[in-house]
A.B. asks: 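So that we are looking at the same thing, I have put the structure below in structure tokens.
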Amino acid sequence: MTFAVCVSFHIHEDRTSVFLPLIAENAAQSLRDEPGCLRFDVLTDPSRPGEVFLYELYSDAAAFDTHLATAHFKAFDTASAPMIADKSVTTYRQVKA
């Protein structure tokens, strides 16, 4: 059952240019190295430069748990923590008809 993760970051004013390459690399590694990671989009809006939105799809919740345990995610999480003013994570499970 598909598992979606939506993350909204508010980045400290002068840190966005450092944060974006870190999250882009995390997304690329997730897609390349995690079979359960089906999609990992990093989105921004020029009118809100300190806001970054992630849309991630995993084959199931266990695949997301695997993602959180990877070395590349842990490295991203540690490196980016001081750059983040606020973060919200929302998850969704696919509804089967």
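Given the structure is predicted, the values throughout are model-derived calculations rather than measurements.
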A.B. asks: Is there a donor-acceptor pair closer than 3.5 Å between any side-chain N or O of T78 and the backbone N or O of A75?
C.D. replies: no
A.B. asks: Output every pair passing side chain to side chain donor-acceptor pair (under 3.5 Å) with a member in residues 8-21, not counting sequence neighbours, ordered by first then second residue.
C.D. replies: none
A.B. asks: Looking only at heavy atoms, what is the nearest atom pair of A63 and D60, with distance?
C.D. replies: N-OD1, 2.8 Å
A.B. asks: From L57 CG over to C6 SG, what is the distance, rounded to the nearest 0.5 angstrom?
C.D. replies: 8.5 Å
A.B. asks: Which pair of non-hydrogen atoms, one from A69 and one from K74, has the smallest distance, and what is that distance?
C.D. replies: O-CE, 3.6 Å
A.B. asks: With side chains defined as the heavy atoms from C-beta onward, is the minimum distance between H72 and E34 less than 4.5 Å?
C.D. replies: yes
A.B. asks: Does anything in residues 86-97 pair up under side chain to side chain donor-acceptor pair (under 3.5 Å), and if so which pairs, sequence neighbours excluded?
C.D. replies: T2-Q94
A.B. asks: Rounded to the nearest 0.5 Å, how far apart are OH of Y55 and CG of L43?
C.D. replies: 10.5 Å
A.B. asks: Show your working on side-chain contact (heavy atoms from CB on, under 4.5 Å) between E56 and C37 and close with a plain yes or no.
C.D. replies: CA-CA 8 Å; E56 306 169 49; C37 181; 5.8 Å; no
A.B. asks: Looking at R48 and D45, is any side-chain nitrogen of the basic one under 4.0 Å from a carboxylate oxygen of the acidic one?
C.D. replies: yes
A.B. asks: Hydrophobic side-chain clustering at under 4.5 Å (ILVMFWY, transitive links): who's grouped with I84? Put none if nobody.
C.D. replies: F3, V5, V7, F9, I11, V18, F19, L20, L22, I23, L31, F40, V42, V52, L54, Y58, F64, L68, F73, F76, M83, V89
